[in-house]
Amino acid sequence: MDAQDGTQQSQQLILAHNVFLLKHPDVPDIEKVRLRDEVLNSVKSNDMTPYYETLVADKVLELDQSLLASMRAKNEDEIKKLDDKITDAEENLGESEVREAHLAKSLYYIQIGEKEKALEQLKVTESKTVAVGQKMDLVFYMLQIGFFYKDFDLISKNIDKAKNLFEEGGDWERKNRLKVYEGLYCMSTRNFKKAANLFLDSISTFTTYELFAYDTFIFYTVLTSIISLDRVSLKQKVVDAPEILTVIGKIPHLSEFLNSLYDCQYKSFFLAFAGLTEQIKLDRYLHPHFRFFMREVRTVVYSQFLESYKSVTIEAMAKAFGVTVEFIDLELSRFIAAGKLHCKIDKVAGVLETNRPDAKNALYQSTIKQGDFLLNRIQKLSRVIDL
């Protein structure tokens, strides 16, 4: 959103994450003191008057009238300068200079957190823009505004807009960037399967550092893939992926989480899973889906374990996962009742019996049914032809 050197995360998105942590009940108070200072310094350095007023209203920051008046005066002065540049460009310079002057005003509104005026000014800038690539850059600015405010309606509309622009042209670098933006949108709206596919497509071409660092991108890719891909695809695209292997060791617990699942080391998996929960809970995009994600991961791992057995004792399963019999009994009963696991519990014998549907038999029955339907249609058609 602000000027980037190509490898740094947008300062606005860092600010949004710090504000999220300030509001989070699980963040220690001593940490919040540091975060509050960082948020206030970021607001001051960018003269974010509108956003400062929002944070004061949300009781994230305390009102300082002198600071507010000072920032407002700076905003008014800067906007006047930008308006003068636009007027000068319109009167004395060419179309490209006029566009650049309007873009500078758009970026300033983004910098100070004036959402509606920023969007309005970006539309004005777009009306002055001819090149598809430059139009795409404006869409990326709008998408970053959407992620800053978590305005998913705005994000969705601009992703569709970007796809339409690509039909007119556009380079591969911007197309690959859009995949990461769309993947983040899908993950934020609980479409983990699509997010995983988009992230995996972008692993070798990742350049979207304004959204997050590459380590964070790999973190999201692994998490979404684990609950979306089958075992074979997970091995090919994630476990053995060289791009992931070079980074995964830097992220606490993630390597153990992925490899222990694939290697069926369930006790190690649960330990790594417990270590990752804090990171997931304190992530701005994953936090709203924390409980859902935890359920989905457990469904995957329990299904994988039960896949190998026709029947198994509850005690043996509890031992494999390093938990108590009571815990595994309660867990499985919830998943079975929800239709997530295809098995039944024999409480008396202390045994789990799998009754997963036979895919081959189901396909056979479906083929027979469709065949009967086709024969009936042919017979009806033959009667009509005979007549």
Side-chain angles (χ1 to χ4, degrees), residues 1-5 8-89 100-125 138 140-155 158 210-212 282-285 287-288:
M1 284 159 75
D2 44 3
Q4 300 295 320
D5 68 1
Q8 288 187 343
Q9 187 180 1
S10 159
Q11 291 301 309
Q12 266 82 356
L13 291 180
I14 293 172
L15 172 61
H17 184 65
N18 286 340
V19 170
F20 162 75
L21 293 176
L22 263 178
K23 295 178 179 179
H24 203 294
D26 293 345
V27 175
D29 289 341
I30 193 161
E31 179 68 10
K32 285 185 177 180
V33 171
R34 183 188 64 79
L35 287 167
R36 193 169 283 107
D37 287 341
E38 283 187 16
V39 167
L40 186 58
N41 289 335
S42 185
V43 168
K44 282 180 184 177
S45 62
N46 291 298
D47 298 317
M48 301 179 75
T49 309
Y51 193 60
Y52 178 67
E53 290 174 322
T54 303
L55 294 178
V56 169
D58 291 345
K59 297 181 179 176
V60 175
L61 296 177
E62 293 179 3
L63 178 61
D64 182 337
Q65 285 290 359
S66 61
L67 173 62
L68 184 61
S70 169
M71 290 195 299
R72 186 170 284 138
K74 287 178 184 176
N75 291 162
E76 290 169 0
D77 183 50
E78 186 63 28
I79 289 166
K80 185 178 181 303
K81 287 179 185 175
L82 291 165
D83 285 336
D84 289 343
K85 283 182 182 177
I86 290 170
T87 304
D88 179 54
E100 289 303 314
H102 278 288
L103 177 60
K105 190 176 179 182
S106 304
L107 295 179
Y108 185 69
Y109 277 136
I110 293 172
Q111 178 188 314
I112 65 174
E114 187 73 85
K115 180 186 176 186
E116 297 307 324
K117 287 185 180 178
L119 293 173
E120 188 181 312
Q121 188 62 36
L122 282 167
K123 285 176 184 174
V124 173
T125 308
L138 297 178
F140 284 127
Y141 284 128
M142 289 187 182
L143 287 170
Q144 288 174 41
I145 292 170
F147 283 117
F148 180 69
Y149 292 99
K150 293 188 83 172
D151 184 341
F152 295 122
D153 185 50
L154 176 66
I155 295 167
N158 278 285
E210 69 273 15
L211 286 183
F212 35 62
L282 296 179
D283 185 274
R284 183 167 174 253
Y285 303 109
H287 172 72

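The analysis underlying the following values was restricted to heavy atoms, covering all of them including side chains, and did not include hydrogens, waters or symmetry mates. The first residue of the sequence shown is numbered 1, and numbering continues consecutively from there.
- R36 places no side-chain N or O within 3.5 Å of a backbone atom of L61 that could act as its donor or acceptor partner.
- Here the CG-CZ distance, from N18 to R284, works out to 10.5 Å after rounding to the nearest 0.5 Å.
- Minimum interatomic distance between P50 and I112 (heavy atoms only, all atoms of both residues): CD-O, 3.2 Å.
- Listed by chain and residue number, K157 satisfy the side chain to side chain donor-acceptor pair (under 3.5 Å) test with D153 (two or more places apart in sequence, or in another chain).
- Evaluation of the salt bridge (Lys or Arg N to Asp or Glu O under 4.0 Å) rule for E38 yields R34 as partners, not counting sequence neighbours.
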Got a list of side-chain donor-acceptor pairs under 3.5 Å for residues 62-73, not counting sequence neighbours?
| residue | atom | partner | partner atom | Å |
| --- | --- | --- | --- | --- |
| D64 | OD1 | S66 | N | 3.2 |
| D64 | OD1 | S66 | OG | 2.7 |
| D64 | OD1 | L67 | N | 3.2 |
| R72 | NH2 | E53 | OE2 | 2.4 |

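- For the salt bridge (Lys or Arg N to Asp or Glu O under 4.0 Å) condition, the pairs that include at least one residue of residues 105-117, sequence neighbours left out, are D83-K105, K115-D151.
- When atom types are taken as modelled, the side chain of E210 and the backbone of Q9 share no donor-acceptor pair closer than 3.5 angstrom.
- Y51 and F148 have tilted rings, their planes meeting at an angle from 30° to 60° on a 0 to 90° scale.
- Remark: Y52 pairs with no residue by the ring pair (Phe, Tyr, Trp, His ring centres under 6.0 Å) rule, at least two apart or across chains.
- Annotation: the span from I145 atom CD1 to L119 atom CG amounts to 4.5 Å, rounded to 0.5 Å.
- Within the structure, ring-ring contact (aromatic ring centres under 6.0 Å, His included) contacts touching residues 63-85 (residues at least two apart or in different chains) do not occur.
- Applying the side chain to side chain donor-acceptor pair (under 3.5 Å) rule to N75 yields the partners T49, Y108; only residues at least two apart in sequence or on another chain are considered.
- Here the shortest heavy-atom pairing between I110 and A118 reads CG1-CB, 3.8 Å.
- Interatomic distance, L82 CG to L103 CG, rounded to the nearest 0.5 Å: 10.5 Å.
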Show, in sequence, the C-alpha distance, side-chain angles and deciding distance for I79 and Y109, and conclude whether the side-chain contact (heavy atoms from CB on, under 4.5 Å) test is met. CA-CA 9 Å; I79 289 166; Y109 277 136; 3.7 Å; yes

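- For residues 12-23, the pairs satisfying salt bridge (Lys or Arg N to Asp or Glu O under 4.0 Å) are K23-D58, with sequence neighbours left out.
- For K81, the salt bridge (Lys or Arg N to Asp or Glu O under 4.0 Å) partners two or more places apart in sequence, or in a different chain, are D77.
- The shortest non-hydrogen separation linking N158 to L154 is ND2-O, 2.9 Å.
- A search for salt bridge (Lys or Arg N to Asp or Glu O under 4.0 Å) contacts involving K123 returns nothing, not counting sequence neighbours.
- Between the side chain of S42 and the backbone N or O of V39 there is no donor-acceptor pair closer than 3.5 Å.
- Residues that satisfy the side chain to side chain contact (heavy atoms under 4.5 Å, CB included) test with H287, not counting sequence neighbours, are F20, H24, K281.
- Every residue meeting the side chain to side chain donor-acceptor pair (under 3.5 Å) condition with D88, not counting sequence neighbours, appears here in chain and number order: N92.
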Test log, rule side-chain contact (heavy atoms from CB on, under 4.5 Å), inputs L22 and L55: CA-CA 11 Å; L22 263 178; L55 294 178; over 6 Å; no

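- Although no hydrogens or angles enter the test, the distance criterion places a donor-acceptor pair under 3.5 Å between the side chain of Q12 and the main chain of Q111.
- The NE2 atom of H17 sits 11.5 Å away from atom CG of L15, with the distance rounded to the nearest 0.5 Å.
- Side-chain contact check for Y141 versus L107: some heavy-atom pair is nearer than 4.5 Å.
- Shown here is K32, whose NZ atom has more than 12 heavy atoms of other residues, nucleotides or ligands within 6.0 Å.
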